[in-house]
Number of protein chains: 2
Amino acid sequence: MVRSGKREADDDEARFLESYDPSTFDRPSVAVDVVLLSAFEGALYTLLVQRHEHPHKGRWALPGTFVRLPESLDDAAARALRDKAGLSGVFLEQLFTFGAPRRDPRMRVIAVAYYARVDRRRFAAAAEHKPDVAACRLEVPWPDEEGGPVGARDAAGAPLALAFDHADILGLAVKRLRGKLDYAPIGFQLLGELFTLYDLQRVHETILDRKLNKDSFRRRIVDSGLVKPTGRSQRGVGHRPAELYRFAKK
Amino acid sequence: MVRSGKREADDDEARFLESYDPSTFDRPSVAVDVVLLSAFEGALYTLLVQRHEHPHKGRWALPGTFVRLPESLDDAAARALRDKAGLSGVFLEQLFTFGAPRRDPRMRVIAVAYYARVDRRRFAAAAEHKPDVAACRLEVPWPDEEGGPVGARDAAGAPLALAFDHADILGLAVKRLRGKLDYAPIGFQLLGELFTLYDLQRVHETILDRKLNKDSFRRRIVDSGLVKPTGRSQRGVGHRPAELYRFAKK
DNA sequence: GAAATAGTGTCTTTAAGACAGTATGTG
DNA sequence: CACATACTGTCTTAAAGACACTATTTC
């Protein structure tokens with residue numbers, strides 16, 4: 001009978017699992033690292049944490065943590081962001097998994113990188129969460145989606161020493177962000193609730209690091225239906241005030 | 001002095017690494033799984049291996065292996081493909097990392113999924129590599145890039161029981177393949193050295209699961225410069241023979 | 001009213017879809 | 001010569017870029 005055959009196989013598997021010893025093989029450690037991105041004042045910013053422990057003591061690292069056994073990767077990334085930056089409720093997307101054997105000098109650590117886009121206000125709040133957490137301006141040395149490592153600078157403009165392969169992780173996050181912008185106007189995730197179309201255009205220009213055509217940008221965004229006008233306007237801007245828009249949830 | 005300060009910090013870090021005990025924390029196992037894709041006869045195909053061991057004994061799984069400590073993720077994926085399918089020299093791309101806590105009943109296993117596109121001939125050779133390896137037709141139940149799990153069927157058309165979360169991995173591989181096709185005519189990676197433009201169009205139509213406009217498809221592909229005409233033609237086709245093209249390496 | 005940016009209307013350019021019509025093999 | 005598919009040329013449509021022009025606020 002098919003049914004008892006299936007039952008028998010299940011029992012067999014249950015017995016196997018009972019006696020299975022998971023400690024047979026050497027295993028790597030698994031960590032998550034989070035690239036928290038924002039864009040304002042014509043530059044891209046990320047959140048970095050200065051390391052007070054070895055290895056790479058003194059260098060700047062992405063907020064991260066080791067993955068606990070009963071916890072999903074997404075949960076570990078959310079926990080890292082909560083503990084290191086005091087942020088919760090942020091939409092996190094998996095970016096890439098970095099697994100070069102010697103990327104951490106202690107031992108084999110495989111890092112699952114995540115990235116998230118937040119608006120300027122939440123970003124500033126996160127940067128003030130702890131004294132060793134800082135908002136750092138990114139230096140992207142390549143155009144379009146060429147790719148490559150990306151460095152960070154402190155408030156005074158001095159280059160920061162990054163820990164591990166975090167310059168590569170930052171590079172991939174920027175590349176992914178630029179790529180996404182080509183087919184999804186996601187810029188408003190980096191803006192507050194209300195924004196003008198030109199605010200949005202400046203965010204896109206900052207991310208892509210090139211000027212965009214104003215006319216076709218407006219047409220494209222309005223036609224996409226992803227933003228809706230609110231009827232309200234800017235105030236006190238020294239020129240004709242622009243209409244304020246809002247992200248249109250579907 | 002800055003220099004000796006740096007030197008001192010290095011020595012400090014060296015001492016730290018000397019005394020570091022990596023066995024302090026419980027660690028997950030890390031595996032790689034490879035989605036080998038091809039497209040022919042109007043359908044997408046992948047390579048699956050029947051499991052002869054617990055867990056999920058008897059079910060069909062993607063070729064995979066545990067990652068060894070001194071080995072990169074890319075190398076582990078290439079090794080899995082070599083050992084399970086006898087293929088080497090295939091271009092592998094990382095797809096996504098699956099890390100749900102209970103995706104493997106034995107223990108916590110985090111799977112870094114890879115995917116690769118191969119032509120029909122290499123695919124057939126791989127499928128005949130071992131008796132428990134089979135070329136399986138994929139059933140994609142969703143249009144465009146909606147996403148979701150994807151099942152497989154055996155040569156007789158009967159649905160196969162897939163191991164672990166491999167239906168989800170297959171689903172993401174198909175979604176990624178479709179997405180890539182929108183901005184890169186990569187279809188020729190699934191064809192042999194010489195092919196007609198209509199061969200290429202059929203591959204694209206198979207992947208996207210919809211008809212394409214012949215005129216604009218030809219224009220787009222020829223204008224892209226990614227293929228070049230060879231001057232040679234098909235023979236014995238019962239109609240005017242089409243010119244054979246070749247992938248133009250840059 | 002000057003300055004500055006918001007917003008509108010229209011022309012041009014480019015790419016995609018539609019489709020008619022010609023070309024060239026096999027049987 | 002019939003048939004099937006390859007290939008070419010042209011018309012239409014839609015989106016993007018360019019640009020002229022009007023609108024509305026602060027100073």
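Residue numbering restarts at 1 for every chain, and letters A, B, ... go by the order of the sequence lines.
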Measure the distance from [atom1] on [X] to [atom2] on [N] and round it to the nearest whole Å.
| X | N | atom1 | atom2 | answer |
| --- | --- | --- | --- | --- |
| B:Tyr198 | D:dC7 | OH | P | 13 Å |
| B:Arg235 | C:dT24 | CZ | C1' | 15 Å |
| B:Phe195 | D:dA6 | CZ | C1' | 16 Å |
| B:Arg232 | C:dT24 | CZ | P | 20 Å |
| A:Phe217 | C:dG7 | CZ | P | 13 Å |
| B:Leu200 | D:dC7 | CG | P | 13 Å |
| A:Ile221 | C:dG7 | CD1 | P | 14 Å |
| A:Gln201 | D:dA16 | CD | C1' | 14 Å |

Mutual orientation of the aromatic rings belonging to B:His204 and B:Phe217 [parallel < 30°, tilted 30-60°, perpendicular > 60°]: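 Geometry flag for B:Phe217 against B:His204: perpendicular rings.
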No-H, no-angle donor-acceptor pair, B:Arg240 side chain to D:dA4 base, under 3.5 Å: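 No, the side chain and the base share no sub-3.5 Å donor-acceptor pair.
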Exceeds 12 heavy-atom contacts within 6.0 angstrom, atom CZ of A:Arg153: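 More than 12 within 6.0 Å, yes.
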Within 6.0 Å of CZ in A:Arg232, more than 12 heavy atoms from elsewhere: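 Counting neighbours around CZ of A:Arg232, 12 or fewer heavy atoms of other residues, nucleotides or ligands fall under 6.0 Å, so no.
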Nearest to the side chain of [X] - [options]?
| X | options | answer |
| --- | --- | --- |
| B:Ala242 | D:dC7, D:dG17, C:dG7 | D:dC7 |
| A:Asp215 | D:dG17, C:dG9, D:dC7 | C:dG9 |
| A:His239 | D:dA16, D:dC7, D:dT25 | D:dT25 |

Closest-nucleotide ordering on DNA chain D, the 5'-leading residue of A:Arg220 and B:Thr196: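 Between the two, 5'-proximity favours B:Thr196.
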Of A:Arg219 and A:Gly236, the one whose closest DNA chain D nucleotide lies more 5':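 That would be A:Arg219.
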Salt bridge present between A:Glu41 and A:Arg120 (N-O < 4.0 angstrom):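 Salt bridge present between A:Glu41 and A:Arg120.
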Sugar-phosphate only, base, or nothing, as touched by B:Gln234 at under 4.0 Å among non-hydrogen atoms: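 No contact.
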Over all atoms of both residues, closest heavy-atom pair of A:Arg178 and A:Ile207: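 Between these two residues, the closest heavy atoms are NE-O, 2.9 Å.
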B:Lys214 side-chain N/O to D:dA6 phosphate OP1/OP2 under 4.0 Å: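 The answer is yes; a side-chain N or O of B:Lys214 sits under 4.0 Å from OP1 or OP2.
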Short side-chain N/O contact to C:dG7 OP1/OP2 from A:Arg218, under 4.0 Å: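 Yes, within the criterion.
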